[in-house]
J.: 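Following this message is one structure expressed as structure tokens.
Computed from a predicted model, the values in this text were never measured in an experiment. Below, each value reflects all heavy atoms present in this structure, side chains not excepted, and no hydrogens, waters or symmetry copies.
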Amino acid sequence: FHVYDEQGSCIAYCHQKAFKLREDLRLYTDDTKSKELLRISTGQVFDISARYTVTAGEGNTLGSFRRAGIKSAFLRDEWAIFDPSGKQIATLIEESAFKAFLRRYVDFVALFFPQKYIINAPDGRVLGHMQQNFNPFVYKLGIAFPDPDDIIDDLLILALGCIVSAIEGKQK
């Protein structure tokens, strides 16, 4: 994946290692892969509710997230977002259960109803949004946090966008 800022400049490159039993995504500052920005990995080989740990390039843990297993596989995506200590700090959830359900079981519906996610703080405040941009050939996910908040590290948000994109890419 290539990651672009609001002006359209490439700010990161995400590489997913092929033929790995465990998820292992790496974000680099560019596609030369000379400087690692962060790593997303899981300890489980196969687990639909695996916990993904996000580690910065210098080795410190930024946090983690976990998919809501069966619910995410059959109804709508839901993720719990944790800080480095393991405390849940936010939730990412697909906006409409009805549209999500249709997208999973009726192929052409995804063309008319792209995925939309809401990121909520534990107190219910909306922290930001993720939205699939319509493109029938390439999966594009836009991330918007209109009012920057110190609850979630920016790199953790970026990592969440990459893992959501990687999982959606495997499901298509």
J.: For residues Arg67 and Ile163, determine if any side-chain heavy atom of one lies less than 4.5 Å from a side-chain heavy atom of the other.
T.: no

J.: For Arg51 and Ser64, which heavy atoms make the closest approach, and how far apart are they?
T.: NE-OG, 3.0 Å

J.: Can you give the donor-acceptor pairs under 3.5 Å from side chains of residues 53-60 to other protein atoms, not counting sequence neighbours?
T.:
none

J.: Got a second to check how far Leu27's CG is from Lys35's NZ, nearest 0.5 Å?
T.: 12.5 Å

J.: Look at the side-chain heavy atoms of Ile, Leu, Val, Met, Phe, Trp and Tyr, link any pair under 4.5 Å apart, and say whether Phe65 and Ile93 land in one connected group.
T.: no

J.: Indicate yes or no: at least one non-hydrogen side-chain atom of Ile81 is less than 4.5 angstrom from one of Gln88.
T.: no

J.: Does any non-hydrogen side-chain atom of Asp24 lie less than 4.5 Å from one of Arg26?
T.: yes

J.: Could you go through Gln115 and Asp77, starting from their C-alpha distance and side-chain angles, then the distance that decides it, and tell me whether this counts as side chain to side chain contact (heavy atoms under 4.5 Å, CB included)?
T.: CA-CA 10 Å; Gln115 289 175 304; Asp77 277 341; 4.1 Å; yes

J.: Find out whether Ile119 and His129 are in side-chain contact, i.e. whether some heavy atom of one side chain is under 4.5 Å from a heavy atom of the other.
T.: no

J.: Of all the heavy-atom pairs spanning Ser34 and Asp30, show the shortest one and how long it is.
T.: OG-OD1, 4.1 Å

J.: Hey, could you give me the CD/OG1 distance between Glu36 and Thr29, rounded to the nearest 0.5 Å?
T.: 10.0 Å

J.: Mind checking whether Asp83 and Asp153 have side chains closer than 4.5 Å, heavy atoms only?
T.: no

J.: Please examine the side chains of Thr91 and Glu78, heavy atoms only from C-beta on, and report whether any two atoms are closer than 4.5 Å.
T.: yes

J.: Side chains of Tyr28 and His15: closer than 4.5 Å at any heavy-atom pair?
T.: yes

J.: If Ile, Leu, Val, Met, Phe, Trp and Tyr residues are connected whenever their side-chain heavy atoms lie under 4.5 Å apart, and connections chain through other members, are Leu38 and Tyr4 in the same group?
T.: no

J.: For residues Ile40 and Cys162, determine if any side-chain heavy atom of one lies less than 4.5 Å from a side-chain heavy atom of the other.
T.: yes

J.: Should Asp31 and Lys33 be marked as a salt bridge (Lys or Arg N to Asp or Glu O under 4.0 Å) after you check the CA-CA gap, both sets of side-chain angles, and the distance that decides it?
T.: CA-CA 5 Å; Asp31 57 8; Lys33 299 192 275 185; over 6 Å; no

J.: Tell me whether Ile11 is reachable from Leu156 by hopping between hydrophobic residues (I, L, V, M, F, W, Y) whose side-chain heavy atoms are closer than 4.5 Å.
T.: yes

J.: In the single-linkage hydrophobic clustering (I, L, V, M, F, W, Y; side-chain heavy atoms under 4.5 Å), do Ile151 and Ile143 co-cluster?
T.: yes

J.: Any idea which heavy atoms bring Leu141 and Gln132 closest together, and the distance?
T.: CD1-N, 3.8 Å

J.: Is it the case that one hydrophobic cluster holds both Ile157 and Leu155, taking links as side-chain heavy atoms less than 4.5 Å apart, direct or via other members?
T.: yes

J.: Of the non-hydrogen atoms in Leu25 and Cys14, which two are nearest, and what is the gap between them?
T.: CD2-SG, 3.6 Å

J.: Can you check side chain to side chain contact (heavy atoms under 4.5 Å, CB included) on Leu127 and Phe145, steps first, answer last?
T.: CA-CA 6 Å; Leu127 301 174; Phe145 274 73; 3.9 Å; yes

J.: Please confirm whether the ring centroid of Tyr117 lies under 6.0 Å from the ring centroid of Trp79.
T.: no

J.: Got a donor-acceptor contact below 3.5 angstrom from the Ser165 side chain to the Gly161 backbone?
T.: yes

